[in-house]
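Below is one structure, written out as structure tokens; the observations come after it.
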Amino acid sequence: MKKYSIGVDIGGSHICSALIDMREKHIIKDSFTDMKVDNQAPASVIMNIWTEALKKTMSGIMLKDLAGIGFAMPGPFAYDKGIALFERVAKYESLYNLNVAEYLKDSLGLGNDIPVRFMNDATAFAVGEAWIGKASGFRKSISLTLGTGFGSAFISDGIPVLEDKSVPELGCVWHLPYKNGIADDYFSTRWYIKEYLKRTGITYTGVKEIATAAENDKNASDLFLEFGNNLGEFLSPWITKFNADVLVIGGNMTGAYDLFGPSFEKALKNAGVNIPVFLSGLMENAALIGSVRLLDPVFWSKVKPLLSKM
């Protein structure tokens, strides 16, 4: 295996990329690139920015030393084919049906021996945590990303579990029924905004504002207690069923963990779940690191058949 790979994390409004030393398992700091992207821009504009970011990251090495490029990509996306399927999601819709892999190989001048591969972003986060993060050393882990959406993945021996009786359909939980909707309705930023508005008539734009208000506002503090209790209630049956050894939480919402964490962990214990719960130390870098595992031949051989099911 070649020493270097490029990890890429595509967010709703930016692209992050970095060169990763596969042998030493760390990011080459000087290679880190973060560029803003207008997700409503024409395809050519978006792809030009992605290409520019990758060129900056690649500038420090020779192509002969590059194993490939791995993307942590939000859905909907054909991860096995490298084709964007963004539709009715209010982001990157101009890329619909574009073969992103082929476009980038052409624009970067990559030969057939340098692959461009893709994995779901929440899954890449979990893979990164299991490889060198807080879940490393544990056989079975569940990782969550709490933010604009509710990301999750189940990992066993470093490999995502998508089809097994011990995990939900698709190997994630965002789509599962919960109360009057689905889990993503209750464990994402929009739940906080909607509920706070309902209780106070005040509209905030994000969880951080509500967390700041919680110091002197019982409506806000109660909201976090309810969120934590709901999350523990919802998640505990799946932790038990999967027989997870550890739970790792990442995403922007971790900044408010001191507000919802105690009620969350209490709900887990009340349900008989007693496993360590860690906040990610890698945070957004976990997805970058997880994405480059796609360039590891052993990992690739195991995960390749799963990509069409993500």
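Judged by distance alone, the side chain of Asn120 and the main-chain N or O of Thr123 form a donor-acceptor pair under 3.5 Å. Not one N or O on the side chain of His175 forms a donor-acceptor pair closer than 3.5 Å with the backbone of Asp184. Here the side chain of Thr212 pairs a donor or acceptor atom with the backbone of Lys208 at under 3.5 angstrom. For Arg117 (side chain) and Gly70 (main-chain N/O), no donor-acceptor pair under 3.5 Å exists by modelled atom type. Distance alone, capped at 3.5 Å, places no donor-acceptor pair between the Asn39 side chain and the Ser13 backbone.
Between atom CD1 of residue Ile69 and atom OG of residue Ser5 there is a gap of 9.5 Å, rounded to the nearest 0.5 Å. Atom CD of Glu93 is separated from atom NZ of Lys91 by 10.5 Å, given to the nearest 0.5 angstrom. Between Ile20 atom CD1 and Arg293 atom CZ the span is 11.5 Å, to the nearest 0.5 Å. Rounded to the nearest 0.5 angstrom, Phe32 CZ and Ile27 CD1 are separated by 6.5 Å. Atom OG1 of Thr145 sits about 6.5 Å away from atom CG of Asp121, to the nearest 0.5 Å. The distance from atom CD1 of Ile83 to atom CG of Leu95, rounded to the nearest 0.5 Å, is 12.5 Å.
Minimum heavy-atom separation, Ser263 to Gly228: OG-CA, 3.3 Å. Across all non-hydrogen atoms, the minimal contact from Ala124 to Ser291 is CB-N, 4.1 Å. Here the closest non-hydrogen pair linking Phe187 and Phe150 is O-CB, 3.5 Å. Of all the heavy atoms in Leu63 and Lys2, the pair that sits closest is O-NZ, 4.4 Å. Of all heavy-atom pairs between Leu288 and Cys16, the closest is CD2-O, 3.5 Å. When every heavy atom of Ser94 is checked against every heavy atom of Pro42, the shortest pair comes out as OG-C, 3.5 Å.
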Evaluate side-chain contact (heavy atoms from CB on, under 4.5 Å) for Ile182 paired with Leu176, printing each intermediate quantity in order.
CA-CA 5 Å; Ile182 61 173; Leu176 298 179; over 6 Å; no

I would like to know whether Thr189 and Thr148 meet side chain to side chain donor-acceptor pair (under 3.5 Å); could you show each step before the answer?
CA-CA 5 Å; Thr189 298; Thr148 305; 4.9 Å; no

Worked verdict on Glu87 versus Tyr92 for side chain to side chain donor-acceptor pair (under 3.5 Å):
CA-CA 8 Å; Glu87 190 177 29; Tyr92 300 122; over 6 Å; no

side-chain contact (heavy atoms from CB on, under 4.5 Å) assessment of Phe234 paired with Lys179
CA-CA 10 Å; Phe234 168 77; Lys179 294 194 175 184; over 6 Å; no

Show your reasoning for whether side-chain contact (heavy atoms from CB on, under 4.5 Å) applies to Leu223 and Ile210.
CA-CA 9 Å; Leu223 209 58; Ile210 301 172; 4.3 Å; yes

Walk me through whether Phe71 and Phe118 qualify under side-chain contact (heavy atoms from CB on, under 4.5 Å).
CA-CA 5 Å; Phe71 274 78; Phe118 303 83; 3.3 Å; yes

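For Phe224 and Tyr192, the distance between ring centers is under 6.0 angstrom.
Within the 4.5 Å cutoff, side-chain heavy atoms of Pro76 are placed close to those of Val89. Inter-residue side-chain proximity for Ser143 and Ile155 is flagged as unmet; no heavy-atom pair is nearer than 4.5 Å. Ile289 is listed as a side-chain neighbour of Ile132, based on a closest heavy-atom distance under 4.5 Å. A heavy-atom distance below 4.5 Å is found between the side chains of Met47 and Val100. In this structure the side chain of Lys36 never reaches within 4.5 angstrom of the side chain of Ile49, judged on heavy atoms. Between Phe264 and Leu235, some side-chain heavy-atom pair lies under the 4.5 Å cut-off. Side-chain atoms of Leu146 and Thr254, non-hydrogen and from C-beta on, never get closer than 4.5 Å to each other. Residues Trp174 and Leu144 have side chains not in contact (no heavy-atom distance under 4.5 Å, counting atoms from C-beta outward).
Follow the hydrophobic side-chain contacts under 4.5 Å out from Ile114 and you reach Leu108 in the same cluster. No continuous path of ILVMFWY side-chain contacts below 4.5 Å connects Leu307 to Val161, so the two sit in separate hydrophobic clusters. Linking Ile, Leu, Val, Met, Phe, Trp and Tyr whenever their side-chain heavy atoms come within less than 4.5 Å puts Ile28 and Ile61 in one cluster. In this structure, Ile142 is not a member of the same hydrophobic cluster as Met119, with clusters built from ILVMFWY side-chain heavy atoms closer than 4.5 Å.
By the 4.0 Å N-to-carboxylate-O rule, Asp185 lies close enough to Arg190 to be salt-bridged with it. The residues Asp80 and Lys309 are annotated as not salt-bridged, no charged nitrogen and carboxylate oxygen being separated by less than 4.0 angstrom. Contact check on Arg199 versus Glu226 returns a salt bridge, with a Lys/Arg side-chain nitrogen under 4.0 Å from an Asp/Glu carboxylate oxygen. Under a 4.0 Å N-O distance rule, the pair Lys198/Glu195 qualifies as a salt bridge. Using a cut-off of 4.0 Å between Lys/Arg side-chain N and Asp/Glu carboxylate O, Lys3 and Asp21 are scored as salt-bridged.
More than 12 heavy atoms of other residues, nucleotides or ligands shown are found within 6.0 angstrom of CH2 on Trp131. Within a 6.0 Å sphere centred on NZ of Lys105, heavy atoms belonging to other residues, nucleotides or ligands number more than 12. In Asn252, the CG atom is not crowded: 12 or fewer heavy atoms of neighbouring residues, nucleotides or ligands sit closer than 6.0 Å. More than 12 heavy atoms of other residues, nucleotides or ligands lie within 6.0 Å of CG in Asp157, so this atom counts as buried by the packing criterion.
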Taking only distance into account, with no hydrogens and no angle test, what donor-acceptor pairs under 3.5 Å do side-chain atoms of residues 298-306 form with protein atoms, sequence neighbours excluded?
residue : atom : partner : partner atom : Å
Ser301  : OG   : Val298  : O            : 2.7

N/O donor to acceptor pairs below 3.5 angstrom from side-chain atoms of residues 269-284, sequence neighbours left out:
residue : atom : partner : partner atom : Å
Asn270  : ND2  : Lys266  : O            : 3.4
Ser280  : OG   : Glu129  : OE2          : 2.4
Ser280  : OG   : Leu282  : N            : 3.2
Ser280  : OG   : Met283  : N            : 2.7

Which atom pairs, one a donor and one an acceptor, fall under 3.5 Å between side chains of residues 238-246 and the rest of the protein, sequence neighbours left out?
residue : atom : partner : partner atom : Å
Thr240  : OG1  : Ser236  : O            : 3.1
Lys241  : NZ   : Lys165  : O            : 3.4
Asp245  : OD2  : Lys140  : N            : 2.9

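Residues that satisfy the side chain to side chain contact (heavy atoms under 4.5 Å, CB included) test with Thr57, not counting sequence neighbours, are Ile6, Ser17, Leu19, Ser31, Thr33. A search for ring pair (Phe, Tyr, Trp, His ring centres under 6.0 Å) contacts involving Tyr79 returns Phe77, not counting sequence neighbours. Take Ser221 and apply the side chain to side chain contact (heavy atoms under 4.5 Å, CB included) test, not counting sequence neighbours, and it matches Ala214, Lys218.
Side-chain contact, Glu233 with Tyr178: a donor N or O sits under 3.5 Å from an acceptor N or O. Residues Tyr196 and Asp217 bring a donor and an acceptor atom of their side chains to less than 3.5 Å of each other.
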